[in-house]
Amino acid sequence: MALRILLADDEKEFVDTLAERLSLRGFAPYVVYDGISALQAATPEKPDVVVLDLFMPGLPGDEVLRRLKVLYPDLPVILLTGHEAVDDNGTNPVSQAFACLTKPLSFNVFLETLQAAAREGKECAENGAGHE
């Protein structure tokens with residue numbers, strides 16, 4: 001079964017292209033363009049991995065991450081940002097993410113990170129433990 005990847009980013013052209021490239025590689029991406037829609041899309045059926053833009057209008061990615069981790073502690077989340085690397089001192093909600101990648105993305109690095117996140121999410125779900 002194809003991995004279900006929820007992609008949330010307000011840069012429509014970027015995220016639509018990313019979804020298309022993932023589809024061509026056998027993934028099952030679904031796209032939303034804001035944080036509220038990401039929460040709504042993730043609740044009926046838990047995705048295998050969530051990819052969130054950190055800085056979206058309305059509900060930013062770090063708040064979406066915080067809320068998703070309450071619902072699904074073992075859900076791997078990859079954050080994307082077009083800004084400088086985020087300071088991760090362990091208290092920032094970004095520390096709950098599997099990874100934080102900076103745009104523009106190397107698609108190969110993104111793909112490797114996505115696959116690693118999916119593997120860890122599957123292992124955590126099987127073992128009943130969340131990502132630390």
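Quantities reported herein were computed from a predicted structural model and do not represent experimental measurements.
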[atom1] of [X] to [atom2] of [Y]: how many Å apart, nearest 0.5 Å?
X: Arg119; Y: Asp48; atom1: CZ; atom2: CG; value: 13.5 Å
X: Thr113; Y: Phe98; atom1: OG1; atom2: CZ; value: 7.0 Å
X: Arg66; Y: Leu71; atom1: CZ; atom2: CG; value: 13.5 Å
X: Leu101; Y: Leu54; atom1: CG; atom2: CG; value: 11.5 Å
X: Thr17; Y: Glu11; atom1: OG1; atom2: CD; value: 11.0 Å
X: Glu120; Y: Gln115; atom1: CD; atom2: CD; value: 14.5 Å

Six-ring centre of Phe107, Arg21 cation under 6.0 angstrom, axis tolerance 45°: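 Yes.
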Pro76 versus Ala117, closest heavy-atom pair with distance: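 So the minimum-distance heavy-atom pair works out to CG-O, 3.2 Å.
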Where Cys100 and Thr81 come nearest, the two heavy atoms and their spacing: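 Scanning both residues completely, I find the closest heavy atoms to be SG-CG2, 4.1 Å.
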Between [Y] and [X], is there a side-chain heavy-atom distance shorter than 4.5 Å?
X: Ile78; Y: Val50; result: no
X: Tyr30; Y: Pro47; result: yes
X: Phe27; Y: Leu114; result: yes
X: Arg67; Y: Leu59; result: yes
X: Leu52; Y: Leu65; result: yes
X: Val49; Y: Leu6; result: no
X: Phe110; Y: Lys103; result: no
X: Pro57; Y: Asp34; result: no

Residues Leu22, Leu7; criterion side chain to side chain contact (heavy atoms under 4.5 Å, CB included); working and verdict: CA-CA 11 Å; Leu22 289 172; Leu7 302 169; 4.0 Å; yes
Other residues, nucleotides, ligands: >12 heavy atoms within 6.0 Å of Glu20 CD: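 At most 12 heavy atoms, drawn from other residues, nucleotides or ligands, come within 6.0 Å of this atom.
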Flag for Tyr33-Asp53: side-chain donor and acceptor within less than 3.5 Å: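 There is no such pair (donor and acceptor under 3.5 Å, judged by atom type) between the side chains of Asp53 and Tyr33.
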Audit row: Val77, Gln96, side chain to side chain contact (heavy atoms under 4.5 Å, CB included) steps and yes/no: CA-CA 8 Å; Val77 176; Gln96 296 181 341; over 6 Å; no
Asp74 and Lys46: CA distance, side-chain angles, deciding distance, salt bridge (charged side-chain N to carboxylate O under 4.0 Å, His left out) verdict: CA-CA 10 Å; Asp74 64 335; Lys46 178 183 157 191; 2.8 Å; yes
Verdict with reasoning, Leu79 to Asp62, per side chain to side chain contact (heavy atoms under 4.5 Å, CB included): CA-CA 8 Å; Leu79 293 174; Asp62 60 341; 5.5 Å; no
Qualifying residue for side chain to side chain contact (heavy atoms under 4.5 Å, CB included) with Val31, from Ile5, Asp9, Asp16: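 Result for side chain to side chain contact (heavy atoms under 4.5 Å, CB included) with Val31: Asp16.
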